[in-house]
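Please read the structure below before turning to the comments.
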Amino acid sequence: MSEAITSRSTDQEAALKVQNLTVAYQSNPVVRGVDFSIPKGRLAAMVGPNGAGKSTVLKACLELLPRLSGDVRIHGDLFRKQRRRVAYVPQRESVDWDFPVSVLDVVAMGAYGRLGWFRRVNRSVKAAAAEALERVGMSAYADRQISQLSGGQQQRTFLARALVQEADLFFLDEPFAAVDVATEQAVMELLRDLRARGATCLVVHHDLATVPQYFDWVVLLNEQVLANGPTESVFTADKVSQTYGGKLVFSRKFFGSDGSDV
Amino acid sequence: MFEWQELLEVLSLRDYNTRLVVSSAVLLGAACGPMGAYLVLRRRSLMGDALSHATLPGVALAFLASVWLGGDGKSLPLLLCGAALTGLLGCGVVQFIRDRTRIKDDAAMGIVLSVFFGLGVVLLGFIQSMPKGSAAGLESFIYGKTASMVQNDFFVLSGSALVVLSAPVLLFKELRLLCFDGEYAAVLGWPVKRLDALLMLLLTVIVVAGLQAVGLVLIIAFLVIPGASARFWTERLDQMLLLSALFGAFSGWLGAALSALAPRLPPGALIVLVASVGFALSFFFGRERGLFIQFLRRRFLMQQGDAKDDLVCHR
Amino acid sequence: MIWYAIDSWIVVTGIFAAVACALLGNFLLLQRMSLMGDAISHAVLPGLAIAYLLTHARASVVMFAGAAVAGLLTALLTDTISRLGKVDRGASMGIVFTTFFALGLLLIVQAADHVDLDPGCVLYGAIELTPLDVAWQVDLGGFLWEVPRAVLVLGGTLCLNIGFVIIFFKELRLVAFDPELARTQGLPVAALHRGLMALVAVTAVAAFEAVGSILVIAMLIVPPAGAFLLVRRLPAMILVSVLLAAFSAVLGHAGALVVPGWLGFTSTSTSGMMAVAAGFLFLLALLFSPSNGLLANWLHNREGNR
């Protein structure tokens with residue numbers, strides 16, 4: 001099945017296509033000449049060592065960081081024209097969890113984009129938020145204060161917020177960082193469900209052991225893209241150790257012989 | 001009971017001058033409250049500090065400009081415009097230093113507040129050395145002149161308060177998202193930088209309008225204390241904004257009224273002290289995060305823990 | 001520009017005050033507590049007022065004690081409020097220092113009958129007048145050397161600060177860099193912190209009358225920030241900040257003599273000008289720092305694009 005998709009994937013088919021992207025922080029380039037594309041309907045992992053610039057690439061795609069050069073196309077178009085089709089799940093630490101809002105308030109924020117200026121959060125938005133919470137298994141927490149959530153619950157809340165956006169391209173920045181196993185499973189189930197509905201996901205991921213099991217597309221990144229393609233052809237011991245500067249020796253069992261479509 | 005009579009008279013605003021002063025203080029408090037709440041939530045509480053100090057060179061420049069143009073330099077709109085201009089410039093410089101260098105928020109604010117204020121003092125020095133100019137009126141921007149507010153000051157203040165208070169009502173959802181998760185707001189397509197600038201502009205408006213009333217050090221208290229106090233009572237943003245406006249207004253009312261009873265005491269300082277007492281009460285007895293409720297919750301948890309231990313033991 | 005002996009004394013006063021502040025400011029900057037200097041220098045007001053009320057004299061030992069206590073209380077209350085009440089540090093700082101300042105204003109009004117204490121003097125000081133208050137005369141073979149009191153007081157404070165920084169350099173560096181590690185290594189982090197705060201308060205008071213709180217705040221923050229942009233290592237940063245501070249004082253006084261003339265005025269505030277000079281030097285560092293300057297960044301990016 002994956003072969004068929006790869007062979008068919010053309011420019012129109014790519015949900016995300018990044019060309020020659022260079023981003024600098026102050027005067028130091030963080031990533032340079034980044035090229036990769038992700039076909040529609042894929043569950044893609046972006047993998048690389050700490051400081052490789054994974055979050056930077058994500059943020060540059062979303063125009064949160066200025067780029068020195070490069071072109072980013074989302075469904076063949078500029079991000080600012082396709083904004084509605086893109087949902088973003090930032091790292092949990094990026095916000096102040098002591099902020100005086102409830103879980104439902106946070107999830108409803110996903111609809112702010114389509115609500116437009118001045119309009120209040122209405123009943124239909126609240127209903128959509130409640131439904132999203134249901135999908136991540138957090139219905140019971142709707143009226144909770146966000147400061148009372150555990151790490152895993154925070155992550156699910158953010159995911160629910162992205163669901164409310166009704167997007168078909170999802171960017172997730174380390175959704176599995178310091179969350180419990182149950183949350184990890186729930187999030188994966190949800191991502192697979194999204195893929196089944198035709199959505200595309202790009203996930204910044206840390207745990208090499210789970211890559212073949214979770215993802216069907218991999219982008220290996222260390223300041224530049226070392227490989228980009230279906231998991232079975234890209235996620236090989238050679239390429240991964242090259243990405244990590246050859247410093248790490250991996251047990252061969254990570255790298256399944258028959259790829260990873262689960 | 002003559003004194004009670006007097007107190008009642010003051011608190012109920014019978015006298016015209018008292019009415020003017022007290023209602024100015026109430027309006028200022030009500031408008032500063034929500035602005036301060038936003039600042040506190042964004043952990044930028046002392047932005048008001050940098051901003052208020054940065055207004056001084058603007059006041060002095062406006063004075064000099066007006067004297068050069070042949071005026072007497074005492075035109076209130078001109079002075080306020082000058083104050084707002086350098087105040088905004090100060091905010092811009094803080095943001096620039098924070099975004100473009102390794103220097104952090106707090107030092108950036110410190111640099112702006114001390115250098116801009118130094119420049120203001122230099123310019124005031126110029127004015128004092130002028131043969132005909134007199135900087136006498138300008139001092140009120142530093143120390144405030146609550147007790148001698150005139151009708152014009154009141155109009156300026158109420159206009160500004162109205163504008164500032166309309167923002168959290170009209171843009172409640174936008175400002176909430178901006179303060180909670182600005183990056184996400186940017187992804188959704190909100191003009192985050194412009195919203196941020198709008199918030200700074202509103203802050204500048206209310207600080208400039210309030211400078212004359214309470215002076216540039218005590219306006220900081222008006223910005224920080226009601227917002228921080230309100231946080232102890234609620235976990236909802238809308239309630240927090242409302243409460244901070246109420247706290248601000250109440251401190252203004254009681255403080256200004258007290259100062260009408262004790263004319264020798266500086267009203268600005270009295271208002272701040274009333275607000276401080278309010279903060280202390282909130283700190284200890286606030287319904288959501290006060291120390292007392294925290295203590296009760298901890299005890300409750302501990303008792304629950306004990307109960308569980310008992311169960312385990314008896315089993 | 002005409003330079004009298006008086007000008008030399010003013011510059012010496014300014015340099016002493018500036019260097020004493022800048023030394024401590026480095027550690028405040030690294031611990032992200034720069035505004036603590038601002039807070040403390042406002043919050044010492046009630047301490048001063050109470051000391052005035054008790055002794056009816058300026059620059060007494062009681063006054064220094066009062067200021068140190070007020071400064072320590074500010075630091076302590078700020079910590080307590082932000083920790084127990086989960087209040088942002090900046091906010092709790094703002095609450096504490098404005099309350100103290102308001103209290104100080106009330107007390108000053110009470111004291112006004114007894115002593116002449118002008119809040120304006122606290123803000124901008126009167127450095128121009130310091131040489132007139134001579135504390136110590138030395139006869140150097142016919143040449144009468146008159147040392148102003150402010151120079152003695154500030155010189156003493158400066159020595160105190162230098163001693164503190166030299167003796168506790170190792171500890172201060174660790175606390176600034178990693179307070180958790182310092183605590184696990186058994187360093188008295190809290191005591192060091194309080195010592196630093198007390199010294200900031202004492203320095204603020206020593207410098208008040210001479211140069212005003214505005215210069216204290218400027219010198220606590222601006223020269224260390226400039227040095228932070230120029231060099232990376234702590235000893236170098238301290239050295240550079242001290243040089244920047246001293247140079248700001250010289251440049252500021254020269255500016256106060258010259259600049260009004262250019263613009264058709266006769267005089268202006270010297271300490272204000274010193275703060276502006278510090279800002280000017282900071283601007284230069286911001287633009288032209290070889291490692292982080294805006295110019296260097298710009299050139300670098302242009303090269304990178306090519």
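Order of the sequence lines sets the chain letters (A, B, ...), proteins ahead of strands, with each chain counted from 1.
- The two residues C:Ala102 and B:Leu218 make their nearest non-hydrogen contact at CB-CD2, 4.2 Å.
- Chosen from C:Arg232, C:Met93, C:Lys86, the residue pairing most often with chain B at heavy-atom distances under 4.5 Å is C:Arg232.
- Contacts of C:Phe282 with chain B are made by side-chain atoms alone, with heavy-atom separations under 4.5 Å and no backbone atom involved.
- Residues B:Ala107 and C:Ile221 share a closest heavy-atom pair of O-CG2, 3.7 Å.
- In terms of heavy-atom pairs under 4.5 angstrom with chain B, the leader among C:Gly279, C:Gly293, C:Gly94, C:Gly85 is C:Gly85.
- Between chain B and the residues C:Gly104, C:Ala218, C:Gly37, C:Ser267, the most heavy-atom pairs under 4.5 angstrom are made by C:Ser267.
- Under the 3.5 Å distance criterion, the side-chain polar atoms of B:Gln294 are matched with a main-chain donor or acceptor of C:Leu84.
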Donor-acceptor pairs under 3.5 angstrom involving side-chain atoms of residues 113-127 of chain B: please list them, not counting sequence neighbours.
from: B:Ser114; atom 1: OG; to: B:Gly110; atom 2: O; distance (Å): 2.9
from: B:Ser114; atom 1: OG; to: B:Ile111; atom 2: O; distance (Å): 3.4

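- Residue with the most contacts toward chain C among B:Val224, B:Asp106, B:Val40, B:Leu46: B:Asp106 (heavy-atom pairs, distance under 4.5 Å).
- Taking each heavy atom of B:Val272 and C:Thr98 in turn, the nearest pair found is CG1-O, 3.8 Å.
- For a residue to count as touching a neighbouring chain, one of its non-hydrogen atoms must lie under 4.5 Å from one of that chain's; by this rule B:Asp49 touches chain C with the side chain only.
- No side-chain heavy atom of B:Ser276 sits less than 4.5 Å from a side-chain heavy atom of C:Ile95.
- B:Ile220 is listed as a side-chain neighbour of C:Phe97, based on a closest heavy-atom distance under 4.5 Å.
- Residue B:Phe96 touches chain C through its side chain alone, counting heavy-atom pairs closer than 4.5 Å.
- Counting all heavy atoms, side chain and backbone alike, B:Phe283 lies closest to C:Thr80 at CZ-O, 4.5 Å.
- When the shell of 6.0 Å around CZ of B:Arg98 is examined, it contains more than 12 heavy atoms from other residues, nucleotides or ligands.
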| request: Using the salt bridge (charged side-chain N to carboxylate O under 4.0 Å, His left out) rule, take C:Asp88 and B:Arg43 through it: C-alpha gap first, then chi angles, then the decisive distance, then the call. | output: CA-CA 6 Å; C:Asp88 168 47; B:Arg43 303 180 184 275; 3.8 Å; yes

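- With a threshold of 4.5 angstrom between heavy atoms, C:Met33 approaches chain B through N, CA, C or O but not through any side-chain atom.
- Between B:Ile103 and C:Phe228, the shortest heavy-atom distance links the atoms CG1-CD2, 3.9 Å.
- No side-chain donor-acceptor contact under 3.5 Å links B:Arg100 to the backbone of C:Leu294.
- For C:Leu103, the parts lying under 4.5 angstrom from a heavy atom of chain B are both the backbone and the side chain.
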